[in-house]
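Here's the structure, in structure tokens; my notes come after.
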Amino acid sequence: MIFLWYGKTVNIFERLLKKDGKRFELRSIIWLSFTIIAATATFLMGISFYYRFSKETERTILEGNSAVIEQVGYNFGVHIRNMMKVSDSLYYSVIKDNDIENIFNSESLKVIYDINKDYIESIELFSYDGNLLECIPTGRAKENVNIKNEPWYKSTITGEENVQFGMPIISKTLKSVSGEYTRVIPMSRVVQMNEDGKSVKGILLINLKYSSIQDLLSDSLYGDDSYFYLTDSEGNIIYHPMQQLMETGNSKEEYIDLRSMQDGFFIDKSDGTEKEVFITTVGYTGWKIVSVTEGDGIALNTFKNKLFIAFLIMFFLSAIVILNLYISKKVTEPLKELEKGVKEIEDGNLDAKINADGFYEVWSLSRTVSNMEETLKQLMADIVTEHEAKRESDLMVLQNQINPHFLYNTLDIIVWMIENEKSDNAVKAVMALAKFFRISLSKGRNFITVEDEIEHVRSYLTIQEMRFKDRFKYTLSVDEEAKKLYTIKLVLQPIVENAVYHAMEFMDGDGEIIISAKKEGDDIVMTVKDNGCGMTEETVESIFKGDMVSSKKGSGVGIRNVHQRIQLVFGEKYGVFISSEPDEGTEVTVKMPAVTAEKLDKRGLK
Amino acid sequence: MKKKYSVFFIADIIILIFLLLASSTDIFVNEKEGEVYNICVFTDCYKDGHIDNFRLGVDKASSAYNIDLNFIYLNEYEKINEKLNMVTREIENGCQGVLLACGDDRTEEEILDTISKSSIPVVLYNGTSENAAAKGTVGPNLKAEAELIVSNIKQNLPINERIYIFEYENSSEYTKNLHVFIEQKLIECGFNYEKITVEYKDDIHSEMDKIIRHNLGSIVSADSMALENIGEECDYYNYDVFVCGAGWSGTIRNYIEKDIIKFTVAHTAYEAGYSAMGKIICNIENRAYDKINEISVKSAVVNNENLYSDEIEPIIFPYS
């Protein structure tokens, strides 16, 4: 069951503290660990102090109680000794060897009685066989009193001690005053007197007021849960604050066998409740004063004190938890800001502001990350710029690979035509050449309309037709839809050039080159188809690989050049696609996305 | 999550406030003795030994139960109005409970009527009343006492002995009721009896003179004052007559010692006083007191032989 609850508690904590149920947050770890450590330390210290303080308090209270009871015992002992001194004084100063007639006429006797009448009820002198001889105060003695059957008399006669103390009794020898009864403690002794010149024994009885003992012990109470009681050496109760109720059965004092108990302190649990009991013995009489303190009398054990301790523990625990929450929050907040900023950077936002402040290390880390972000931004910009420049450069280089050969050849033709007075053709050639180059340059633009690209090819073929007289015919067609679309310039001419030089090489006037351009979906498809000698697959592959050995007319660089330029701009999905059958012919397809003027502006490709 | 923290925080504050208030104030937990109860004891009974012992029990209960006690002897006031005024004054001074020991039924009813207006609980000592203010009674079992008296008479006297029952005109209702039970018991046992009601002490003398001179019979009285007067008569005139009864005082004790009064029946008035105070506290606090409205205390026969015995001493000579 304990393990089950432990497991459940751990699960609750994990649910509360784990981020996304996977990992503990740093803040949770900090406050939980600080709280546990501080709470454990506080709890242990609190318990230690409580027990130490409790023990010290108990010890102090015990010492105090012990001092009180010792004082009470001392006071009581003093009282008893004083009474014994009175008895001694009476005996040795007044009674001993004195005539009976003179004894009670003695002024000393009256003085002794008067001085001590707060504690003494009466002083009575009996014959040895128990007949009352005299009594002070006079007139209080009953008539025909005989005390032979009284327990105190018997113990006086038989006892070893000089002075005997008896159990409290209602005095039978004294008349009641105003109907009141007198409870006394008989203090008696055998005395030697003179009667008619003979030494006779008698019994001196001094009735000690029970109320004086009662006052001595009841005034000594030191708390609502504490009381004293007095017993003889056998444990018979002489005085108890609840004695009357005990006599009538309405109250009970748990019997403690005091006969064998030493003086001192012990805990009594005989009636199921814890009581602290002190015992001290009064000298001479052997009487025992017993102090009883109920368990709850000890201050720290009260319910309210326990509540207060619970309050203290809970207060400090709450303070620790709140403080640790605050501290952990303060420590981890900048880290969270930093984490947030880094996450934004991770998501691609290089303009994210990292405002983490707080501890030096976090601030420093935040500055470093910000700087890193700036550097990253700069590097990425540089890479983009370089990439663009490289692309531009590559494009330009690729383009520049095409132009020189054709110029030379065309100029040769023109010169020949002029020399052979074929001026019309020369003009046609020159005009075609001019158009060819105008379109080639296109004011430095890399993109021209499909219409211009077809015109460019047308110009080329016009010139080539003049060169390769009637070796082939050609057709050019372009969809209206495709005309206004844009293409990378000089993509068809190299392909047509290859068709002219390679495909038509062995054709005798039945060669045909068909060039078309149309829009297919979102793409432009330009086709150059011939019925020439065709190519093997290996040849086609080698063209794109660049393995082609340079031939006398061309090196296939043009097709690969076109393919690379297209892919450089538009990606690998587009480019040049060759379908060829040896002796059948070749179809070269150039595929590009359909780019309008607006798209061109947007992509910044113009 | 924030809402959960707020809930915990508020709960924590509430618990802390509760613990602080509970540990430092008396709002929730009161470990102290409890309030001090203001209780008045009114008595206009003859101040015999029973009343003295009753007072001792009441005083003991006062210290045990944290009671601010006013013990008032109404017999110091002659007129009923003066007595009622005293009662009213104490009620106005904040009396919360009353223990009433009244010798006279009429006075008892008038006092109860006065108190009933204020809904203060009243416990009667040696009394009975149908008044709603009276929440219970404490005292001896009169039938049992009558039984004790008559059985001891039977043990000591022949069946043809005539028994004279003495009472004063203003004897308490307890006395008169006990005499009624004694009469019943005497009839059951076959004794002849005669009740003599006197007005003054001198009347006792004249009546006793008659009885003694003509050896008419024996005397019993449950009136402490009457019993004392009878004993005094016997002591003074040396009458040899069987005298017994119920009641207790130092004088009765002396006559028992002298064997003038053969025996008396006494009850534990100390316990009656102590128990009565406890019952009043329970009524004030609206607690059940063993669910008993009548509390009977023990009675015993006291004679010359057992006067100072361990069994009798707690009844007639209680520790204070």
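Reminder, nothing fancy here: chain letters follow the sequence lines and each chain counts from 1. Quick caveat: nothing in here was measured; it's all calculated off a predicted structure.
- Residue B/Lys60 touches chain A through its side chain alone, counting heavy-atom pairs closer than 4.5 Å.
- Using a 4.5 Å cut-off between heavy atoms, A/Tyr210 touches chain B through its side chain atoms alone.
- For residues 247-266 of chain B, the pairs satisfying ring-ring contact (aromatic ring centres under 6.0 Å, His included) are B/Trp248-B/Phe317, with sequence neighbours left out.
- With chain A as the partner, the residue from B/Thr268, B/Leu16, B/Leu307, B/Asp48 showing the most heavy-atom pairs under 4.5 Å is B/Leu16.
- In this structure, a donor-acceptor pair under 3.5 Å is present between the side chains of B/Ser299 and B/Glu145.
- Of the atoms belonging to A/Ile322, it is side-chain heavy atoms, and not backbone ones, that fall under 4.5 Å from chain B.
- Using a cutoff of 4.0 Å between basic side-chain nitrogens and carboxylate oxygens, A/Lys209 and A/Asp118 are not scored as salt-bridged.
- Seen from the ring of A/Tyr181, B/Arg253 does not count as a face-on cation partner, given the 6.0 Å and 45° thresholds.
- Residue contact with chain A, scored on non-hydrogen atoms closer than 4.5 Å, involves the side chain of B/Phe9 exclusively.
- Counting non-hydrogen atoms of other residues, nucleotides and ligands closer than 6.0 Å to OH of B/Tyr237 gives a total above 12.
- Using a 4.5 Å cut-off between heavy atoms, B/Asp12 touches chain A through backbone and side chain atoms alike.
- Interface residue B/Ile316: only backbone heavy atoms are found under 4.5 Å from chain A.
- The stretch residues 309-320 of chain B participates, sequence neighbours left out, in these salt bridge (Lys or Arg N to Asp or Glu O under 4.0 Å) pairs: A/Arg183-B/Glu313.
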